[in-house]
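Below: one structure, written as structure tokens.
Source: prediction; values computed, not measured. Lettering of chains follows the sequences in order, A, B, ..., and the numbering in each one begins at 1.
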Amino acid sequence: MSDMTPFLPNASPEVLRVTIVQGEAKASTDPRVEMSTILGSCVATCLFDPVSRVGGMNHFLLAEPPAHVRNQAFDSDYGLFLMELLINEMLGMGAIKSRLRARLYGGANLNPDLSPIGTANAAFARQFLTRENIPCVFEDLEGTQARRIQFRPASGQVRARLVPSDVAPTEKPLGRPQSALGTVELF
Amino acid sequence: MHTQSTPIRVLTVDDSASMRALLLGALTSRGFAVEQCEDGQEALEWLASNEVDVIITDINMPRLDGFGLIEKLRTSALHAERPILVLTTESSDEKKQRARNAGATGWIVKPFDADKLTAALRRVIH
């Protein structure tokens, strides 16, 4: 696609590699930082504000509803939380929400015998961006293969490569937020 | 006083359409009457001519953020005593203290638990 940002040879001799694992969201303005992650059915969102040059990445997997709940969609609360966490961290570094541009990766359906959780993750991510009016300038979603993503947050450069599925870490949906979160403190 | 027949009126203030949709579903399904605004400024304008029982607000919003909204409401005759719960992904003590100093009634860290949230709503209006 024409909007793919070229992944240039790193100008800085010193590279600070940051791995984003499932359930994390991190942002940075440091040109030395290179974030990376490996995705199976998980989805990673790379957000970039080209004016403030703030970038960030999250990595999430939606949980399937319990087996006895048949007509319910995938549990999107956790994905929503990680999206908001990423955006807020970027706003704190000077990004403006209306300037954000997104790239989406992952959401593969690695095992044809299981429910298409990759597709559900991809659909959630697309719907979130549409609702929040954040343009998705590039997506490499679904399919049947795992991906390795490298992202330079200060320049918005991304490189995505297909990797053998056995390279992808074991992905298990994180349970509903633990009791520490959602705690109500009355003053 | 609130009886079974008069639902509790909640105003949610959040710039994220996804979060508004989540709150709307969680609260209406539990019997609350929900109004929604997209930022502090819209909430302030809506509250100038409308009443609610309790307000839930985000912190990071354009135009007028949650701190600003709370400060302005606390100086208004109509809403000086209105319960205001902050619902945020911010986890820093400094931000929490700022909300408290501005006059917030409570502090809830996302992702929220709908049952804990509704229990808090019922508690602060009494």
Side-chain angles (χ1 to χ4, degrees), chain A residues 23-27 45 47 54 56 58 60 62-63 72-100 102 123-134 173-187, chain B residues 14-26 38-39 54 56 58-63 65-66 70 83-126:
Chain A
E24 281 189 324
K26 288 182 183 169
T45 315
L47 290 181
V54 178
N58 66 11
F60 65 87
L62 305 184
Q72 196 179 310
F74 283 76
D75 184 353
S76 63
D77 291 17
Y78 203 78
L80 183 54
F81 167 65
L82 281 176
M83 288 289 196
E84 191 163 7
L85 206 60
L86 176 60
I87 291 170
N88 280 351
E89 189 154 347
M90 292 177 66
L91 298 185
M93 292 177 174
I96 303 284
K97 193 173 174 185
S98 60
R99 291 196 303 236
L100 295 180
F124 162 78
R126 288 192 190 104
Q127 187 200 43
F128 175 86
L129 294 176
T130 302
R131 275 186 168 169
E132 303 299 326
N133 284 322
I134 298 174
L174 297 172
R176 280 229 157 209
Q178 298 306 302
S179 56
L181 295 165
T183 300
V184 175
E185 184 178 341
L186 299 181
F187 297 139
Chain B
D14 202 306
D15 62 321
S16 160
S18 311
M19 187 53 67
R20 289 199 301 275
L22 185 64
L23 280 167
L24 183 66
E38 296 185 15
D39 59 37
V54 55
I56 301 173
D58 188 22
I59 290 292
N60 293 310
M61 294 182 289
R63 299 206 295 169
D65 68 11
I70 297 167
I84 305 174
L85 296 175
V86 175
L87 179 63
T88 178
T89 52
E90 297 280 358
S91 52
S92 79
D93 286 340
E94 183 252 323
K95 294 269 173 74
K96 183 162 61 176
Q97 194 56 44
R98 217 180 131 192
R100 187 178 190 150
N101 292 343
T105 312
W107 177 265
I108 304 169
V109 179
K110 293 177 194 167
F112 69 89
D113 178 292
D115 292 328
K116 282 185 193 167
L117 176 65
T118 53
L121 289 174
R122 291 179 202 286
R123 212 171 132 196
V124 296
I125 60 155
H126 287 298

Hey, is [X] close enough to [Y] for a salt bridge, meaning N to O under 4.0 Å?
X	Y	value
B:Arg98	B:Asp93	no
B:Arg63	B:Asp39	yes
A:Glu84	B:Lys110	yes
A:Glu24	A:Lys26	yes

Region of [X] in contact with chain A, defined by heavy-atom distances below 4.5 Å:
X	result
B:Val124	side chain
B:Ser16	both
B:Leu85	side chain
B:Arg123	side chain
B:Asp58	side chain
B:Ala21	side chain

- Which residues share a salt bridge (Lys or Arg N to Asp or Glu O under 4.0 Å) with A:Arg126, sequence neighbours left out: A:Glu139, A:Glu142
